[in-house]
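For clarity, every value in this text was computed on a predicted model and none was experimentally measured. Quick note on labels: first sequence line is chain A, next is B, and so on, each numbered from 1.
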2 protein chains.
Amino acid sequence: MATMREVAAAAGVSPKTVSRVLNDDPHVSPETRARVEGSMRELAYVPNAMATTFRSGRSPVIGVAVPDLVDPFFAAIVTAVEEEALANDLSTLVTSLGHGQDPSRERVALESVLRRQLSGLVVAPSTNDHAWLEPWAARIPIAFVDRAPGDLEADAFLQDDRGGARDATSHLIGHGHRRIGFLGDSLSAPTIAERLEGYREALAAAGIPFDDDLVALGAATRPGAADALARLREPNPGVTAVFSSDARCTMAAMPTVTAHPIALTAFGDFPLADSLTPAITVVAQDPATLGRLAAARLVERAAHPDRALPRRTVLPVTLIERTSCRV
Amino acid sequence: MATMREVAAAAGVSPKTVSRVLNDDPHVSPETRARVEGSMRELAYVPNAMATTFRSGRSPVIGVAVPDLVDPFFAAIVTAVEEEALANDLSTLVTSLGHGQDPSRERVALESVLRRQLSGLVVAPSTNDHAWLEPWAARIPIAFVDRAPGDLEADAFLQDDRGGARDATSHLIGHGHRRIGFLGDSLSAPTIAERLEGYREALAAAGIPFDDDLVALGAATRPGAADALARLREPNPGVTAVFSSDARCTMAAMPTVTAHPIALTAFGDFPLADSLTPAITVVAQDPATLGRLAAARLVERAAHPDRALPRRTVLPVTLIERTSCRV
DNA sequence: TTGTACGCGTTATCAA
DNA sequence: TTGATAACGCGTACAA
């Protein structure tokens, strides 16, 4: 726990000189440098990063907030941010926001992180109200991923939710299905709402009327998904195929789908999707790129505060055909 | 970006009074408090957490370092640490260490985190050499999870690797198998080495001689796992069942196992293990408890630096029988 | 109840 | 090339 002062005293120089040695300032004579370095070693001196941080007024840390770290999609985003951060000598402060069951949690969590004078923040939000972020956004760069901010101008890195959903639904239509269910958690998430739009567009393009009864929500848990699928299969709806709008729902639906096969395409790839029986046909997102671009943008904004940059970047998605679409 | 000073000036009081208001010090007259709070609102004052942190000498942050965030096992550990941290008003600084391909990375990553005067550190290490942590451990509480530290006295929260491997192997023996392969990544990981021991013990208990040729390593990737399984299946080894020592290997082996079924038990549960065909019989660990206990221990050590506490906590594991063991 | 003085560890400024 | 001084924003100790 030696401080710079102590090293300075031991080496018979001023603290500033020690600082210079530490920061590779060329204006230090080789002898002085050697003496200081000797004292540093002797005292096992380690710079106090907090003090530097405090002095500089900006913490070399990027905050990352996601709904759920255990979801591989968000874990991949966090990992990508971390890598990009590392490449810029930044650390990563991670916060989970939950899936929006408690909407106030997001704000509380983000504010506590923002107080820390971060160099930037990447958020995959679980709510839609971000007007309160306005004053923060004026001071530190904030980038949204996966979902756009509500009521706030900020960088956003998204994927083509609507187009992907359209592709996945059309694919089922191409296999001859006309009664196609929509499986999802909640439409309050803008991504899911967009995917529902894509689903409707695909139906419309094929001249299939949209039927509200085929939209089954609350499917993010296993019982929820089982219920939803059971409702869709009843004679009345008479669904023969399902588009799952989100990987959590798809995974939650797997036991049911395995037990009672039904044609299925899904938004969002996930580990082992290709090893299941049937292997799931998915629209794959690219969480790593999302995270990397967002982190890179933060760094860029910090370096060039008034450079004009596009606010919204939409990544394409890719249909990966496996077997679940032709069950 | 108003500071306490500015708020004080605006309210016509000293900075200290503002500080008191902020910290709910009872020794402030209601009128003064009201005036100060008014100024705080006007100036949109937000306390600078960095300054507080610096002043106190200890950052209210728990570091968490794991090999790989995308692995659900480690993601669950991180999530649990985060929850426990939240309950104690601490934030979570996350670092990935990699799977030990580059052994120096672990030290570099940990040292950069440790410099930040953390309140504590949870590590799931990817290397075996931790003697260098000694001086750090003297100053801040460090808890290991999943794997014990090498050459260092520190709290460790582990699971019964050997017993679990023994159970999983015995289970295959109970199904009549005598030529049982061991699938793994690398024996340099102490957990995997322990699981190999458990495997050997199970064989020994059944009077089956151990055969080095049945230990197939390098199976953490899909091609690696495919190779390993192919080697085991050759007429000479003539293996009829496999114990996979680690969830990464199990997941990597899935395509091969699905294509060419073989009796299988595995160490480590993972998402959808029960929805695969066959559903994988596993020995389940408890990452959430591991993370929670470790974080709680850090808090406890910080509060009571010299309370005597057990250094090593070993959690039991649970065999979950599904169908892969009777393929 | 309120205020003054000082220090946390580091670095920028300016002078020597 | 080196050093003295001040400052970052807040909280502690002590005084009034």
*Asks:* Sort and list the pairs that fulfil side chain to side chain donor-acceptor pair (under 3.5 Å) and have at least one residue in residues 40-49 of chain A, not counting sequence neighbours.
*Replies:*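 Listed by first then second residue: nothing to list.
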*Asks:* Answer yes or no: are there more than 12 heavy-atom neighbours, outside B:Glu111 itself, under 6.0 Å from its atom CD?
*Replies:*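 More than 12 within 6.0 Å, yes.
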*Asks:* Got a sec, which residues hit ring pair (Phe, Tyr, Trp, His ring centres under 6.0 Å) with B:Phe157, two or more places apart in sequence or on another chain?
*Replies:*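 Counting only residues at least two positions away or on another chain, B:Phe157 forms no ring pair (Phe, Tyr, Trp, His ring centres under 6.0 Å).
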*Asks:* How about B:Arg139: does its CZ atom have over 12 heavy atoms from other parts shown lying under 6.0 Å from it?
*Replies:*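 Enclosed.
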*Asks:* Using a 4.0 Å cut-off on protein heavy atoms (strictly under), produce a 5'-to-3' string for nucleotides 6-16 of chain D with B for base contact, S for backbone-only sugar-phosphate contact, and - for none.
*Replies:* -BBBBBB----
*Asks:* Please list, chain by chain and in numerical order, all residues satisfying ring pair (Phe, Tyr, Trp, His ring centres under 6.0 Å) with A:Phe74, sequence neighbours excluded.
*Replies:*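 Ring pair (Phe, Tyr, Trp, His ring centres under 6.0 Å) list for A:Phe74, sorted by chain: empty.
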*Asks:* For A:Asp146, what residues pass the salt bridge (charged side-chain N to carboxylate O under 4.0 Å, His left out) criterion, not counting sequence neighbours?
*Replies:*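 Scan of A:Asp146 (salt bridge (charged side-chain N to carboxylate O under 4.0 Å, His left out), adjacent residues dropped) gives none.
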*Asks:* Mind checking salt bridge (charged side-chain N to carboxylate O under 4.0 Å, His left out) for B:Asp68 and listing every partner two or more places apart, or none if nothing turns up?
*Replies:*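 Expected list: none.
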*Asks:* So B:Leu86 and B:Glu82, do their side chains get closer than 4.5 Å, heavy atoms only?
*Replies:*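 Not touching, per the 4.5 Å side-chain cut-off.
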*Asks:* Could you check whether atom CZ of A:Arg5 has more than 12 heavy atoms from other residues, nucleotides or ligands sitting under 6.0 Å from it?
*Replies:*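 It does not: A:Arg5 CZ has 12 such atoms or fewer within range.
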*Asks:* Find the bend of the helix from C:dT1-D:dA16 to C:dA16-D:dT1 as the angle between its two terminal axes (five pairs each), to the nearest 10°.
*Replies:*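 End axes: 40° apart.
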*Asks:* Are A:Ser14 and D:dT2 close enough that a side-chain N or O sits under 4.0 Å from OP1 or OP2?
*Replies:*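 Result: no.
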*Asks:* For DNA chain C, which nucleotides open and close the run of contacts to chain B, 5' to 3', at under 4.0 angstrom from a non-hydrogen atom?
*Replies:*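 With heavy atoms of chain B under 4.0 Å away, the range is C:dT1 to C:dG9.
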*Asks:* With sequence neighbours left out, what residues match A:Thr53 under side chain to side chain donor-acceptor pair (under 3.5 Å)?
*Replies:*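 Checked A:Thr53 against side chain to side chain donor-acceptor pair (under 3.5 Å); zero matches.
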*Asks:* Which side-chain N or O atoms in residues 114-125 of chain B pair as donor and acceptor under 3.5 Å with protein atoms at least two apart or in another chain?
*Replies:*
unit_1, atom_1, unit_2, atom_2, d
B:Arg116, NE, A:Ser91, OG, 3.4
B:Arg116, NH2, A:Ser91, OG, 2.8
B:Ser119, OG, B:Ser59, O, 2.6

*Asks:* Sorted by first residue and then second, give each ring-ring contact (aromatic ring centres under 6.0 Å, His included) pair with at least one member in residues 99-150 of chain B; sequence neighbours left out.
*Replies:*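 Qualifying pairs: B:His130-B:Phe144.
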*Asks:* Mind running a 4.0 Å heavy-atom check of residues 26-36 of chain B against DNA chain C and sending the residues that fall below it, in number order?
*Replies:*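 Close to the strand are B:His27, B:Val28, B:Ser29, B:Thr32.
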